[in-house]
Amino acid sequence: MQSWRPMVDLPAPPAITFASDNAAGVHPAVMDALSAVNHGHALAYGDDPWTRQLGDVMRDVFGAPVETLPVWGGTGANVVALACLTHASDAVVCADTAHIHTDEAGAPERMAGTKLLALPATDDKLHPEQLRDPAAWLGDEHHPQPRVLSITQSTESGTLYTTDEIGALCDEAHRLGMLVHLDGARIANAAAALGGNVRAFTSDVGVDVISFGGTKNGLMYGEAVVFCRPELAARAAHVRKQLAQLPSKVRYISAQFLAILADGLWLRLAEHANAMATQLAAAVAAVPGAKVARAPAVNAVFVELPADAISPLQEWCFFWVWDPHRNEVRWMTAWDTTPADIDAFVAGVRAVLT
């Protein structure tokens, strides 16, 4: 295959990157909230008006007496959640592609002290019948005890569990004596794609604890652990502190969440990011040599490219390779992606491929 050669007419790259929604800036409403909260003193460790208000707002979002703990980031949220649900010798069942298994450097196993039992997942989704094999270990002192099922919504490959699929998983997990954790780093994108009702695919169908993402949806930093069953939060404050996930100035995280949760902004931002992914997929599908793997369900676009086109494109406007064996790359849109960004990016893809 002929190697790619530099092209003098390669257009200027877009002002943003399609590498990750983590790369996006902070939404102006969040910046305003951070500025507003940065006046005067407030007691530390969450004993402040903004954190108390966030608890009330989350109860309104879920229509239930949920308990909410702000934390530093996504890995921290997952570790705190799982540590609250497990004890010594317990295990967490997850997909073999789950972020807690592949991208958190073993944090759940080291910090929460729980073993991960990773199962093969079609489209990154698990199915109820898969829980029965690990559940056969329950009661056997020689094996880790599966106590938690952890699923991701939206998944690492941008797919979505339907509400019925999550409900069926929760029913089976509970029948087997397991609790259900949902890694919702992109829960806003999932909620927007599924009609805007986050309760419908979480607390209403049996999810017990949620890692509720914000950083990928306009926050500067910060996530939240939401306990749909408040009794499961009995140890949560101590666990969060022990795992170094208790910020002293919690109000700066709480204020950010209040800003995006106000008037449904978090869903509008996610709807925009999802719509931009749909537009990007449609535009790149018309470029000879680019094969869109599937229609995007949220804000992730997966594309197979000629092998010798990937490095030049990365140098021009960086993104991540998703599956090197298939020359599949991942392009993420965000709350601040514009149609002009997409036009510029696709123009570069077309220039390199043609």
Requested in this report: Could you tell me whether the side chain of Gln153 and the main chain of Tyr161 form a donor-acceptor pair under 3.5 Å?
Outcome: yes
Query - Salt bridge present between Asp90 and Arg147 (N-O < 4.0 angstrom) - result: yes
Report task. Provide the full list of side-chain hydrogen bond (donor to acceptor under 3.5 Å, both in side chains) pairs with a residue in residues 204-213, sequence neighbours left out, each pair given once. Result -> Asn78-Ser211, His174-Asp208, His181-Ser211, Asp208-Arg229
**Report entry** Trace of the ring pair (Phe, Tyr, Trp, His ring centres under 6.0 Å) decision for Trp266 with Phe257
**Finding:** CA-CA 9 Å; Trp266 69 295; Phe257 269 112; 9.3 Å; no
Report task. State whether Arg175 and Glu172 are salt-bridged, where the test is any N-O pair (Lys NZ or Arg NE/NH1/NH2 against Asp/Glu carboxylate O) under 4.0 Å. Result -> yes
Query - Side chain proximity check, Asp171 to Pro128, heavy atoms < 4.5 angstrom - result: no
Requested in this report: Answer yes or no for Arg330 and Phe319: cation-pi contact, defined as NZ/CZ to six-membered ring centre under 6.0 Å and angle to ring axis within 45°.
Outcome: no
Query raised in the report: Excluding sequence neighbours, so at least two apart, what forms ring pair (Phe, Tyr, Trp, His ring centres under 6.0 Å) with Phe227?
Result: none
**Report entry** Non-hydrogen side-chain atoms of Glu104 and Glu109 separated by less than 4.5 Å
**Finding:** no
Query raised in the report: Can any side-chain N or O of Gln130 pair as donor or acceptor with the backbone N or O of Pro120 at less than 3.5 Å?
Result: yes
Query raised in the report: For the residue pair Trp320 and Phe318, is the inter-centroid distance of their aromatic rings smaller than 6.0 Å?
Result: yes
Query raised in the report: Applying side-chain hydrogen bond (donor to acceptor under 3.5 Å, both in side chains), which residue pairs with at least one partner in residues 46-56 are found, sequence neighbours left out?
Result: Asp47-Arg52, Asp48-Thr51, Thr51-Ser254, Asp56-Arg59
